[in-house]
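Computation of the quantities below employed the complete heavy-atom set of this structure, encompassing side-chain atoms and omitting hydrogens, waters and symmetry-equivalent molecules. Letters A, B, ... are given to chains in the order of the sequence lines, protein chains preceding strands, and every chain is numbered from 1.
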Number of protein chains: 6
Amino acid sequence: MRPSGRQPDQMRAVTLERNVSPKAEGSCLVSFGGTRVYVTATVETTLPSWRRGSGLGWVTAEYGMLPRSTDTRTRREAAAGKQSGRTQEIQRLIGRSLRAVVDMEALGENQITLDCDVLEADGGTRTAAITGAYVAMADAIGWLKARSLTRGEPLRDSVAAISCGIYRGTPVLDLDYVEDVEAHTDANFVLTGSGKFVEIQGTAEQEPFSREELEQLMSLAEKGIADLTILQKAALA
Amino acid sequence: MRPSGRQPDQMRAVTLERNVSPKAEGSCLVSFGGTRVYVTATVETTLPSWRRGSGLGWVTAEYGMLPRSTDTRTRREAAAGKQSGRTQEIQRLIGRSLRAVVDMEALGENQITLDCDVLEADGGTRTAAITGAYVAMADAIGWLKARSLTRGEPLRDSVAAISCGIYRGTPVLDLDYVEDVEAHTDANFVLTGSGKFVEIQGTAEQEPFSREELEQLMSLAEKGIADLTILQKAALA
Amino acid sequence: MRPSGRQPDQMRAVTLERNVSPKAEGSCLVSFGGTRVYVTATVETTLPSWRRGSGLGWVTAEYGMLPRSTDTRTRREAAAGKQSGRTQEIQRLIGRSLRAVVDMEALGENQITLDCDVLEADGGTRTAAITGAYVAMADAIGWLKARSLTRGEPLRDSVAAISCGIYRGTPVLDLDYVEDVEAHTDANFVLTGSGKFVEIQGTAEQEPFSREELEQLMSLAEKGIADLTILQKAALA
Amino acid sequence: MRPSGRQPDQMRAVTLERNVSPKAEGSCLVSFGGTRVYVTATVETTLPSWRRGSGLGWVTAEYGMLPRSTDTRTRREAAAGKQSGRTQEIQRLIGRSLRAVVDMEALGENQITLDCDVLEADGGTRTAAITGAYVAMADAIGWLKARSLTRGEPLRDSVAAISCGIYRGTPVLDLDYVEDVEAHTDANFVLTGSGKFVEIQGTAEQEPFSREELEQLMSLAEKGIADLTILQKAALA
Amino acid sequence: MRPSGRQPDQMRAVTLERNVSPKAEGSCLVSFGGTRVYVTATVETTLPSWRRGSGLGWVTAEYGMLPRSTDTRTRREAAAGKQSGRTQEIQRLIGRSLRAVVDMEALGENQITLDCDVLEADGGTRTAAITGAYVAMADAIGWLKARSLTRGEPLRDSVAAISCGIYRGTPVLDLDYVEDVEAHTDANFVLTGSGKFVEIQGTAEQEPFSREELEQLMSLAEKGIADLTILQKAALA
Amino acid sequence: MRPSGRQPDQMRAVTLERNVSPKAEGSCLVSFGGTRVYVTATVETTLPSWRRGSGLGWVTAEYGMLPRSTDTRTRREAAAGKQSGRTQEIQRLIGRSLRAVVDMEALGENQITLDCDVLEADGGTRTAAITGAYVAMADAIGWLKARSLTRGEPLRDSVAAISCGIYRGTPVLDLDYVEDVEAHTDANFVLTGSGKFVEIQGTAEQEPFSREELEQLMSLAEKGIADLTILQKAALA
């Protein structure tokens, strides 16, 4: 039924390759099937001005797509002179999602910036980015801990993300691009490793959805995130 | 318990004043307690270029805050030279929410632009904007129908929005600014008059939330939207 | 003769509604017939850097038009990414006009920002904005005085503004939009309550004008400003 | 009394050097004492889109200051990424002033652009620019007429400009920079060769001025413009 | 002598990995030691407007650095809102270099865009980009030829690039970052496979250089380009 | 053979007029035939922030073209809102070229900014700008020395620039615009008065060039720069 032949509750093959950038304090090349995102984590001791002197750290994210990550070339945002509303929305989501599992007091006055650059886009780039950014961030925090630059353990939990949607009337897990275009409803879920919700964003693309449908998507997401959490642990082992 | 003395499931006083702009094809001054948004609906026969010739209409929205709608003055975005990520996120949400209840074929090659300018901001500006924009849009569609410029009825349903959150451990309806700042979880719901979901955006501001908490917020939202729908009908009667 | 049926020396109905914004230190909704401008006055203790430490205060203004304040929708300047030359010209004029009646030493190191947002534009938005901004500023100065934050009285006089023009050969007071489009000459006058000139801007739209015509416009303006001054005093009483 | 030793009604030495740019259809290097402006007039057959097909021509102007035209270096606007409000105000004024003496029907569908670049700024750059731009424009119109590209004579009159002000209590003609900084009132006048007003812009820099003072400035301006008109005629002879 | 232990005329290990992007018509991941650039070639049938209808094709390039390609994080140009002068200089160089070996008539009205995104920067990113972009472009041209969309063979030659410099008094080939920072002279050479010069850019960073030194750098470059040409042929075989 | 009738190794008439700007610390109006560039040198005691406290000075340059310096009007960059890639490339080149002959320690913590504004463009504007900017800078350094603001002599050498190219198969010196458009190869050379190279930029516009051709261009440039050096000395005498 699904163009890829997957079962409704079947994710694409997910890989998390650590330490792909020799310069960054943490990095991860994450792939969800044909979607590939290159994530680096940078540690800096300079905080945004509004945060300085608070004793608290900060985690933020930036997102971009290489122009030919898409089927037809997308205009380079640096050339266009601004980031699109979509880009800003996504990078704000990534930042919020990661901050939800970090103890800012333990992090101390350090900033971690996650740069998520999409090499190939085949649906679910924002959820892949969050899932991979957690791995890169965990390594950056490890880098800080190895240098005794934190106050205790800044990581309170892990975090991962997955999209679900209603494709031809059936709730399915991890939409690829072909499904995404056609899906009536598209929802992104960000959950912690312990199964709590960090973010839920559900959108009726064409037809409003019922509460029952939303519940089904939630259950799919809970299952998917559980699997991603296992993969993240394995990658960081 | 709530700073305003409201019950957990009690909305603020909501008013929907129609026809506040003599020039616009539809308009509404909506207030949710101390939050006031001035909405105009503009009908144009020029569509965005990618939409032309499709036989379909388009609905879009723009959002802005007057500089002193907030407790301390916020910089004017026109002077800053760009719209913030938050502004873009909100106006995209408003546009999507309204499109969900419009039959674009029936609308024909007309564009309706909803301008939502916040005169006073006391929490919930985006949900107030959506609720009021529906009223302005309904009048603009009435304007088109009165001139036989549609093909049948473009309005498939009504749409309204409300925020909910977990304030000091209790799920509450319609957060005002004081509650919003402190709430652990903040969720915005957009539902149709017939009770289906158009959009759900839930964010853990500090602590991840459980599925049970999310379900409670959904139930509050369903109740609130039902009340808003009655007010919208009354306003348009 | 005039499309509105007014006498050549007759202003439109002018109203000045104070305290329309509960958050601002001063505010005024001013209307000149179909032109309506929402003005807020914000008091801040931070001055522009070039003014700091001088012991002197500062008064500045910003101006904007809501997109549908005009007959057809005008593009939102925040979306366009810059303020037009016209907008900048107008907000510079408003700022200069108000500074002319303020004793900056008495104001002390406080800044007052007047935000003038046009809800409806039917000609004369800049002169309405100045007239209303004076009322909002007076209230903001009252707010400062009530807190003993000034050194004596910062208000040296009142200030108001009106447009005049030559419409179909006749000098007329307070042009509305229909007249403005057609007028051969358009002049804006800013005068103090004591009848002195703060600013005069006269422009030949099509035909150069004679000194005699200019003198007639001045006399009309003096009469109009005298009436506006009475209305301002009444509003502030 | 005046720092330069001039009489109150005495202009600085004014020179108008024609044909300074071999490429432009008209050009003029104008100097008012230490103020020097390099003006070129460009003829193009492409009109702004809103003007096309009207049968009417268009005249427009742009203004800029070389960074070191001022005592201390002023930031280059191209590097800053935008034109200041002052620059826009001035170039709009120059354009309006020149259009006032052109018969757009006779000009036909041609556009003339006046580029006014200030080599040295010692007060009165905008009035010098207008005075020199008229000469450059007259040559550009001569260029069009020599090619039979007009319909009759587009020039209805000449136009020139001068500033006046109240310096230490005395109304004086043609303020230089030192006077301009200190003057209580500063007014720019644009008049035609036949002595009619095209534009008047008077501003109270510190103290509001009386109608009598304004009348005195007008008389000075009328005298100054009469002299400038003679110089323009001589330059174009 | 060289920090890397290389001989003066020894290049870093160079790899050219083809077809790294499944969506692009051509692609190449090129590495010169620790410098890695991800290049995609996009074929489009839309030309820039000034080129349309000429019967000729066009080749252009864009360049960017991922924020953490550098030792410390570099600001994302899309977030900064503009491309730096350095970025523009480099992408203009890449485009010119590739156009030098393309027969635009044979290419027909097709445009090839080379996107060169630096994953890791360790000196010589622009020369690596050109060398890899040739491979990606060759594949894109192959794609066009396979679809009979060219008129004959558009590739007239191959092209590659290398940097040379004077490091501690010795002319050396292929500067890495550590050498680049310290080098007195830095020159970039772009040559065709047949050994002709397409571009030479030599800069005295601190001390002017003699003609003899320049000749030595040229000879090194000729040797290096010959080796790169062999690697390109092998990659495309 | 050359459109101007010049010999292959013959420069255009070059003039260097000093002290054209009464306000600047140094200035020069340089002409190479029909190319005229107005250069001012500004001395400031404020350095860019990254340079402060280093004890070293800084020299930088900005470049612009007046809109009608070209045959058809070029858009004003200040109005376009940004400097083109070409402009940035040129002003970076001018700055590098001048810095190559300045001892930054001897200059002390002073900044010299060279503003190069093209009044007329007939080919070779960047090389003319460098040649004239040296004269303006030498005067600015003289100004500093006269005030004992340097530590010894900051000028280590003189610097000048010239373009060469292959026009209809013949290497020629100092291309004018007509030649530049048609030339197969275009190279800019920046050399010191003592004959060493500061910068070489050679570009194959259509056909790659051989090493022999490049050598011929170098010899032409060496001859041309020797002549320019004599002219610079004479101007500064």
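The two residues B:R36 and C:Y38 make their nearest non-hydrogen contact at NH2-OH, 3.7 Å. The nearest pair of heavy atoms linking C:D71 to B:K23 is OD1-CE, 3.0 Å.
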Ignoring hydrogens and angles, write down the donor-acceptor pairs under 3.5 Å from the side chains of residues 39-46 of chain B, residues two or more places apart or on other chains.
residue	atom	partner	partner atom	Å
B:T42	OG1	C:R68	NH1	3.1

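To the nearest 0.5 Å, the span separating CZ on B:R75 from CD on C:E62 amounts to 8.0 Å.
Scanning residues 138-163 of chain B against chain C with a 4.5 Å non-hydrogen threshold yields no residues. Identified by a heavy-atom distance below 4.5 Å to chain C, the contributing residues of residues 118-130 of chain B are B:L119, B:E120, B:A121, B:D122, in residue-number order. Contact annotation for residues 81-115 of chain B against chain C (heavy-atom separation below 4.5 Å, listed by residue number): B:G81, B:K82, B:Q83, B:T113, B:D115.
Ranked by heavy-atom pairs under 4.5 Å with chain C, the list B:P22, B:S27, B:A80 is led by B:P22.
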